[in-house]
Amino acid sequence: MTVKAAAAAVSVTAAVRSWWRARRSAVRRDSGMTTSEYAVGTIAAAAFAAVLYKIVTSEAVSGALESVIGKALDAPF
């Protein structure tokens, strides 16, 4: 290996190490983002569940579900 080739290999290795160092640093800065994303997702899921519960327990939907279940139970065999 020539001196030029060895210097080029060292230069590439240094560049790769520098790139990985920058990636690790960027990941460390966003360490709190995961927790806040879970919190927002949990709040959104709870709100969706509350709206769905209100819809399912309404008179119109409750009557329709009772009708469907009643027809299923009274089906001739």
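With Ser18 contributing its side chain and Ala14 its backbone, the two residues share no donor-acceptor pair below 3.5 Å. The backbone N or O of Gly63 sits nowhere less than 3.5 Å from a side-chain atom of Ser67 that would complete a donor-acceptor pair.
Taking the ring axis of Trp19 as reference, the NZ or CZ atom of Arg21 does not stay both within 45° of it and closer than 6.0 Å to the ring centre.
Atoms CG and OG1, from Leu52 and Thr57 in turn, are 9.5 Å apart once rounded to the nearest 0.5 Å. Rounding to the nearest 0.5 Å places CD of Glu59 at 8.5 Å from CD of Glu66.
Note on Phe48: it clusters hydrophobically with Val61, by side-chain heavy-atom contacts below 4.5 Å among ILVMFWY residues.
Here the closest heavy-atom approach between residue Val56 and residue Leu65 is recorded as CG1-CD1, 4.3 Å.
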